[in-house]
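So the structure is just underneath, and the comments pick up after that.
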Amino acid sequence: MDTAITLHVRGELTDGELEALHAAAFGHPVTRTPWRQRLADRSLTWVTARLDERLVGFVNVVGDGGVHAVLLDTCVAADVRGRGVGRALVAAAADEARDAGCTWLHADYEPHLVDFYERACGLRPTAAGLLRLT
């Protein structure tokens, strides 16, 4: 990973900067999502990546209170992709989940992200189901 980019476990962030990064990464309009409250209420941990002061990467980890943790909202700013930021975020998230007593780390990803999650991050594919609720 680029040495100018720093990772922070449970890094400080604002709702606005995470919403902007998330919206750009997932292709949705910017909204007023209460990210900090969600993270405080529901997350096992999260990892941020910063280039100077700018938020350029993020991953959220939620847990079941037992041995399972799940990666959510992994995102990296377009201008720093290909520099190992995503892989470093996932590795740090895995370390934190392991340290919290988790045995398994899950991720749901679309086919275009197979190379990233499986080859770069070491996840193995599993069969899973999905039910749209809205």
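Along the sequence shown, the residues carry numbers beginning at 1.
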Show me the side-chain donor-acceptor pairs of residues 61-77 shorter than 3.5 Å, one per line, residues at least two apart or across chains.
{"unit_1": "D64", "atom_1": "OD1", "unit_2": "G66", "atom_2": "N", "d": "2.7"}
{"unit_1": "D64", "atom_1": "OD1", "unit_2": "V67", "atom_2": "N", "d": "3.4"}
{"unit_1": "D64", "atom_1": "OD1", "unit_2": "H68", "atom_2": "N", "d": "3.2"}
{"unit_1": "H68", "atom_1": "ND1", "unit_2": "H106", "atom_2": "NE2", "d": "2.7"}
{"unit_1": "D73", "atom_1": "OD1", "unit_2": "H22", "atom_2": "NE2", "d": "2.9"}
{"unit_1": "T74", "atom_1": "OG1", "unit_2": "Y117", "atom_2": "OH", "d": "3.1"}

Distance-only donor-acceptor pairs under 3.5 Å for side chains of residues 126-134, two or more places apart:
{"unit_1": "R132", "atom_1": "NE", "unit_2": "T134", "atom_2": "O", "d": "2.6"}

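A 6.0 Å sphere centred on CZ of R10 holds more than 12 heavy atoms belonging to other residues, nucleotides or ligands.
With contacts defined as side-chain heavy-atom distances shorter than 4.5 Å, the pair T31/E19 qualifies.
Contacts classified as salt bridge (Lys or Arg N to Asp or Glu O under 4.0 Å) and involving residues 107-117 (residues at least two apart or in different chains) are given here: D115-R119. Each salt bridge (Lys or Arg N to Asp or Glu O under 4.0 Å) pair with one or both residues in residues 53-62, not counting sequence neighbours, appears once here: R54-D79.
Pairing each heavy atom of A92 with each of L7, the nearest pair is CB-CD1, 4.2 Å. The shortest non-hydrogen separation linking W104 to R124 is CZ3-NH2, 3.6 Å. For the pair A120 and R87, the tightest heavy-atom approach, listed with the atom from each and the gap, is O-CD, 3.2 Å. Residues L123 and A107 approach most closely at CD2-CB, 3.5 Å, considering heavy atoms. What you find for S43 and N60 is that their closest heavy atoms are OG-OD1, 2.6 Å.
Within the model, atoms OG1 of T103 and CG of L105 stand 11.0 Å from one another, a figure rounded to the nearest 0.5 Å.
A search for salt bridge (Lys or Arg N to Asp or Glu O under 4.0 Å) contacts involving E17 returns R50, not counting sequence neighbours.
Hydrophobic cluster of F58: the remaining members, joined at side-chain heavy-atom separations below 4.5 Å, are L13, L18, L21, W35, L39, W46, L55, listed by chain and number.
Taking hydrophobic clusters as Ile, Leu, Val, Met, Phe, Trp and Tyr residues chained together by side-chain heavy-atom distances below 4.5 Å, V56 does not share a cluster with V30.
Inspection of the T45 and E96 side chains reveals no N or O donor paired with an N or O acceptor under 3.5 Å.
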